[in-house]
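Sequence lines set the chain letters: A, B, ... in the order given, protein chains first and strands last, and positions in each chain run from 1.
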Amino acid sequence: MKKILMASAAIALVAGAAGAEEIKLGISVGFTGPLESLAPQMAAGAELAMAEVSASGLLLGGSTVTAVRGDSTCIDAAAATATVERLVTAERVRGIVGGMCSGETTASLQNVAMPNGIVMISPSATSPALSTLEDNGLFFRTSPSDARQGVVMTDILLERGIKTAAVTYTNNDYGKGLADSFQAAYEAAGGKVTINTAHDDGKADYSAEVAALAAAGGDVLVVAGYIDQGGAGIIRGSLDSGAFDLFNFPDGMVSQALEDRFGPEITGSFGQNPAAAGAGRDAYVAMATAAGFDGTSAFSPESYDAAALILLAMAAANSSDPAVYKGKVMDVANAPGEQILPGELAKALQIIAAGGDVDYVGATAVELIGPGESSGSYREIEFQGGKMNVVKYR
Amino acid sequence: MIQVEHLHKHFGGFRAVDDVSISIAKGSITGLIGPNGAGKSTLFNVIAGVLKPTSGRVLMAGDDITGLPPHALFTKGLLRTFQIAQEFSSMTVRENLMMVPGGQAGETLINAWFARARIRDEEAALRKKADEVLDFLTISHLADEKAGNLSGGQKKLLELGRTMMVEAKIVFLDEVGAGVNRTLLNTIGDAIVRLNRERGYTFCVIEHDMDFIARLCDPVIVMAEGRVLATGKSDEIMQNEAVIEAYLGTGLKNKVREGLA
Amino acid sequence: MDFLNAIVALLNFVIIPASAYGAQLALGALGVTLIYGILRFSNFAHGDTMAFGTAITILVTWGLQSLGVSISPLPTALLALPFGIAATAALVLGTDRAVYRFYRKKKSDPIILVMASVGVMFIMNGITRFVIGVRDIQFDDGVRFVINAREFRTATGLAEGLALRSTQVITLVTAVLVVWALFWFLGRTRTGKSMRAFSDNEDLALLSGINPERVVAVTWIIAAALATIAGTLFGLDKSFKAFNYFQLLLPIFAAAIVGGLGNPLGAIAGGFVISFSEVAVTFDFRKVVAYLVPGDWTPDGPIQLLSTEYKFAVSFAILIIVLLFRPTGIFRGKSS
Amino acid sequence: MTLNYRNIALFAGMALLLVLEGASAKNAVFSGSWDTSLGILNVGLISAVLALGVNIQWGYAGLFNAGVVGFVAIGGLAPVLVAMPANPGAFSAGGMGIVAAFAAAVATVWAAVLVNRRASFQVRLIAIPVILIGGFLVYRAFFGPASSAIEAVNTAAAGNLGGLGLPVVLAWPVGALFAAGAAWVVGKTALGLRSDYLAIATLGIGEIIVSVLRNEEWLARGVLNVNGIPRPWPVPREIDLQSSADFVARAASVGLDPVSASTLTVKLLYSALFLIVLLILIWLTQKALASPWGRMMRAIRDNETAAAAMGKHITRRHLQVFILGSAVCGLAGAMMITLDGQMTPGSYNPLRYTFLIWVMVIVGGSGNNWGSVLGAMLIWYLYTKAESWGPQLMAFVTSGMADGSVIKAHLMASAEQMRLLTMGLILLLVLRFSPRGLIPEK
C-alpha cells in the first residue's frame, strides 16, 4: 500500500507540472434516481466541452481530456460519496462536474472533494446553503442561486402588471428554495402570492395539486419545477381544467421540450433562464443538436459551462492541479477579458496561451460572484404562436 | 373444574355448537365422543380461547374464562393438545419441552444479557425436568432430534409431554389417537392414567377409539350435531338408544353410500 | 347560477380527474388482486410490469405512426395495445416459468414469493429502461378534448369551466369494458369458473380435475393485459416515464388492500376510494364554498384538511384506518 | 455462527475483496484505492447494523416490515435535534405551540380510543368522527401558527427548532429511541394484520414518516436539508489534519502524503466507531438468540398457535421484536446521517432503504446475525461497484460495434441501469439456489 501511495503521490506531483498529459474530469450526476431523465443531457454537455478542448490540442501542451462518468443517484448521499470517492481516489480525476442535487453535492463535497482538495463545479445544485458552506475555495456552481432568480422573476411579473401569483414548486431544495425566495422578493415588492405549495416529482397524478392551486387562484401560475418531471403534469392539469392559462417558467422548465409539448397552448406565458445577450445559448443548442442530444434540457448548458470553466482555469493556471487552478476559476469566468461563447474554447485557450484575459460567458452567461456562484444574467422568454421567443435580457 | 353454560358457536347459519352445557369434574378423565361434525373440536377451540363463542359462558373453578386468549388460559393451568399435532418443528424435542414453562427469567431480554448465572441454573433445572418427562414418555432417545422429524404418534406424545412441564390443572386432549399405532396409543393411555393418579391432572379427551375411551374415561359425554346427546359411564353410554342411533345412523348412511358407490 | 358554478367547479377539479385516476388505479389493483387470488402473493413487480407493457405499446405506436396508420380521433396507442399485451404476457409467462413456478412447486411460504417479486421488480425496472430509456414520453395523439374548459365557459356563460379530456373518457370507457369482460370471463367461461374455484379452494379445485398450471398461465395473461391496459391509459392521460410506474405501485397496492386482496370488486372500489380521497382530502374547498355562501362570508384562507404535500400519505392513512376496522379490507379479502 | 471453515472462508473472502479493492493496481474490477475500499467498508458497517435490525424482525419473528425506510429516516432526525446548535429564538417563538399541538393530538386519540372501548355502537358512530375531526382542528389551531413562527426565525440558514448542541454520538441511542417510539405506535396499530396486509401497511407507514420529514420545515428544514452535522468524537476533519504540522510529519514518516493520510485516518476512525457499535449489537443479539428468550421467539415463529397454547403472549412478543428491530434501524439511520454529515429527507427512498436492505438480509441468511452482517457488506460492496462495473461491462459488450451505431449509443446510455438490475438478479439467484442465504440459520 505504501508503495502505491507513494507512486500515486509522485504521479500527482508530475501531473502538477505542465506537459502533455491525460487529464481526467469526473462527471457526477444522477443517472439513476428521480432526476435520471435530466442526467444524460447534462453529462453529454460536459463531455462536449471536454471533447472540444481535447480536439483543440491547446490545453497544457496538447493534453487530452477524458470524462469519467459516475452515478450520484441524486438522492443517496452514501452512494454519491462512494462514487465521488472512486472518481477522486481511483480514477484520479483533476476536477468534478457535479453533483446534481444539493444534498448529494454537499455530502460528496465535504466528505471527499474538500479533504482531497478537488475542485467541484455543480451545474445544478442551487441551495443557498451551498453559498455559505466552508469549501476552501474548491466549490463553484454555474447555476445561479435561487435568491437571484427570485428577484428577476419578481421584476418580470411586476413589469407585466401581474399582482397575484400562485406558486407550485418541486418538492426538493431547488424548488422550495426558489419558491421561497420568489415569494419573499415578490411580496416585498407588493405582489401577493395566493398559494405556495409543493408537488412531488414522479407521482402518478397531479389533479389534487391543480385543484388546490385553482382554488387559491391568481393571475399567473409560477411552476418552479422540472419540465420532464412533475412540472409538465401540473401544466397539463392546469391547462386542461382551465385553472390557469398563464404561466411563469423558471430555469428548470425552459427547454425545447416545453415548446414541443405545450407551445401553442401557452401563448402569452413567459419565463426566464440564465443566458446572456448574444449567441451563447443558441450556439450551444446547435452544437448539442449536432452531437445528437437536446441542449435545451434543463441544466445541460450549465454542465457544458462547468466543464469549460475547469479546463480554462487549468489553462490559465498552467496546471491541472486543483490546488493551483482553483484560484483561476473566478478569473476566467469574469471580466476583464475577451468574451467566450460555447464553441470558442479553442480561441480562449489561444488567448490564455498568449497571456491574454478571457471572460467566459458560455451558454448560460456565467458570472461568478461572492463565494463562487453564478450571479447570472437572465433572458426573459415568452411564448407566441407556439414558439418560444426571447423578449429581452436582464 | 370446568363448567360450560349454554354455549353457542355459529358459523353463519351453521350451528356448530348449539346450546351445550357440560361440566368436567376435578380429577376426572372425561371423554368426549361423537360422530364426525358433532362439534367436539369446535367446543374445544371455544373453551381453549381459539374461537370466540357466539353466546354462553365457560367457567373454570368458578371464574369466568370465556373468550380469554390461549396464553392467559395457559397461566390459569388450562392446557391443550391439537387434533393435528402442533410441534415446533425446527427445534429439538428437548427444546420443545424446555420452552413451555412461563415466566422463565431468561425470557426477559435484560436477564438474557446480564443475569447469565441465574439463567444457567434455571436452564439446568429445566433440562433435568425435560429429561424426566422424556423418560416418563419413554422417548429419551429422541431428545436431540428435530421435532419436525418425529412420527405422528411421537409428536402426540411430545404434546402430552409439554403439558407435563408445568403444573397443569386441566388438559384437553384433541384426538390423541389419530394416526397413532396401537402400541403407542397404549403408551399414551398409560401416561394419561399415571398423570391423573400421580399428579392429579384433570383430563378431557376427544377420541374415536371406543376401547381407549372405555378403558380411561369416566364419565363420557356424547355429542351429535352440535348438541349433547348423553352423559354417563362408558358402558351406560354404549347402551343408550339415542347414541346408538346417532352412530348407527351415520353408520347406515355410510353403508348405503358405499353400496351405491 | 352560483350553485351550478359550485357543482361545475367540483366536477372539474374533483369528480372528473378523480374518476379517471380511480379507473387507472382500479385496473392496476385488479391485476394485483387477481394474482393474489390465484397465486397467493402480493406482486411488487406489477408497477414495473405496467411500465414494460406501456413501453412496448409506445414502441409499436411509433411504428404505426411512422407507417401512417391512425385511428383518429382515437389515439393510435389503442391500436398498438394488443401488441403491448402480447409482449407483456410473454414476459410475465417467461418470468413465471423462470422464477415463480419453482416456489409454487415447492409450496414455499407466500412471503418468499413476495421477495422474489421484489427481485423481478428490480430486473423489469432495468429492462424497461433498456428498452425505452428514462425520458418522459408523450404519446397521445388524436383529439384532446371532448369538452374544453374555455368553450364550456362561453357556451354556458358560467364562470367556471368544465373540461373533459378524451383520454379521460377513453380511460373510463375502457375500464368499464375491461371490467365487464373480466367479470364475464370469470363468471361465464369454463376457464374463468375454474379460476374462481381455484381461488376459493385450491385443494378442492385440484381434486375436481382443474389443471393448476393452466389456471396460473391464464391468470398471468390476464394480469399482463390488465397491467398493459392500465399503464397505457395512465400514460395516455398523463405521460410515460419509467420511474413513475414504480411510484404508482404504492397507491395501487393501497387500492387492492383497501378493497380486500383477492376480491375483484374490492379492487375496483378500492381504486376509487383511494383516488377520491387523495383528491378530496387535499382539495381546497374555498372556491366551492365561496359560490355557496353570501359574499362576505367567503373565507380568506384555504379550506382543506391537509395540504397537497400529504396527499400521498392520505391514501395510506385511509388504508391503515380501513385495516384497523376491517383487517382484510372493505370487501373482506383473503389472508394467507 | 458456528465457527466452521465455510463461514470463516466467507468472511475472509469478503475481507479479501476489500483488501484487493484497496491494494491492487487499478483495473477493471478493483479501483485500487484504499479510500474507496474503506468508504465501502464504513457504509457496509452501517448497513450491517441496519440489516441486523431487519433480521431481528424477519429472522427472529417472521415480521415482514416493508417500512424500514421510515425508521431509518426517523433515526436520522436525532443527530439534527441532538447535535446541531440551537436556533436562537425558535423555541420561544413556537416551541410551546408545538407541544400544545401534540398534547391535543394525544388527547384526541386517547379520547377516541376510550369512546371506542366504552360506548355503544350508535354513540361510537357519531362520537368518534366528531372527536377526531374536532381534535384535528384544535391540533391545527395550535400547530399552524407555531410551525410558521418557528420557520420564520432565521429562515435562510435555519428556520427550524435546531438542536441541543450535544456530542453527536449521543444522537445514536436517541435515534434508536425515536424509532422505537414510532415502532410502538405502528406496532400497536398494524401488528394485528396478517402477512401481506402487514407488509403493505408498513410500506405505507414508512412513506408517511418520510413525507412528514420532507414537509415539516420546523423540524429538520424539510427538503431544504440540514448541513454541517458535527463529526463524532474522536473523528477529526481532514483539513485540520492536513494543516497540522505534527500530523504531516508523522504521515511523512510512514511514507504517506498528507492528503491520503488524513482521509485514511478519518475513515479508519469511523470504521473503528462503527465496528464497536456493530460488535456490541452482535454480542447482544447473539446472546439474546441463544437464551430462553431466543428459544421462545423461535417457537413463536415456528408455530404461533402452539406457542399461544403454551402460554406465550404472541402479540406482545411481536411488538417487542418489532420495536427492537426498528430501534436498531433507527440507530443505523442516526449513524448514517453522522457519516454523511447532513440530513437530506429527500434521500429516503424505499428502493434503497427498504428493498436493498431486504436483499442484504436474504442473501446473508435470514435468522442468522452473522449472515446479515456478511450480506450487508457484500451487497453494499456490489451495489457500489456495480456503479462502475455496469458501464464497463457495456463498453465491453459494445466494443465490437461500430462507433456511432444507434444500438451502441443506446446500450451505453442505459449502462447505469445495470445497478438495480444486478441487485434483482442476485436476489433471485440466492432465493433460488441458496434460499437460506450464504450463512444459513442453524
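With a 4.5 Å cut-off on non-hydrogen atoms, A:D240 touches chain C through its backbone and its side chain both. Heavy atoms of C:F145 lying under 4.5 Å from chain A belong exclusively to its side chain. Neither the backbone nor the side chain of A:A39 comes within less than 4.5 Å of any heavy atom of chain C.
Nearest heavy atoms, A:A212 versus C:T282: CB-O, 4.4 Å. The two residues A:G242 and C:R153 make their nearest non-hydrogen contact at O-NH2, 3.6 Å.
Of the listed residues (C:Q24, C:R150, C:K241, C:E160), the greatest number of heavy-atom pairs within a distance under 4.5 Å of chain A belongs to C:K241.
Between A:T32 and C:R129 the shortest side-chain heavy-atom distance does not fall below 4.5 Å.
The structure places OG of A:S207 at 12.5 Å from CD1 of C:I15, a figure rounded to the nearest 0.5 Å. Distance check, rounded to the nearest 0.5 Å: OG of C:S239 to CZ of A:R236 gives 10.0 Å.
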Residues A:S241, C:F13; criterion side-chain contact (heavy atoms from CB on, under 4.5 Å); working and verdict
CA-CA 7 Å; A:S241 63; C:F13 289 113; 3.3 Å; yes
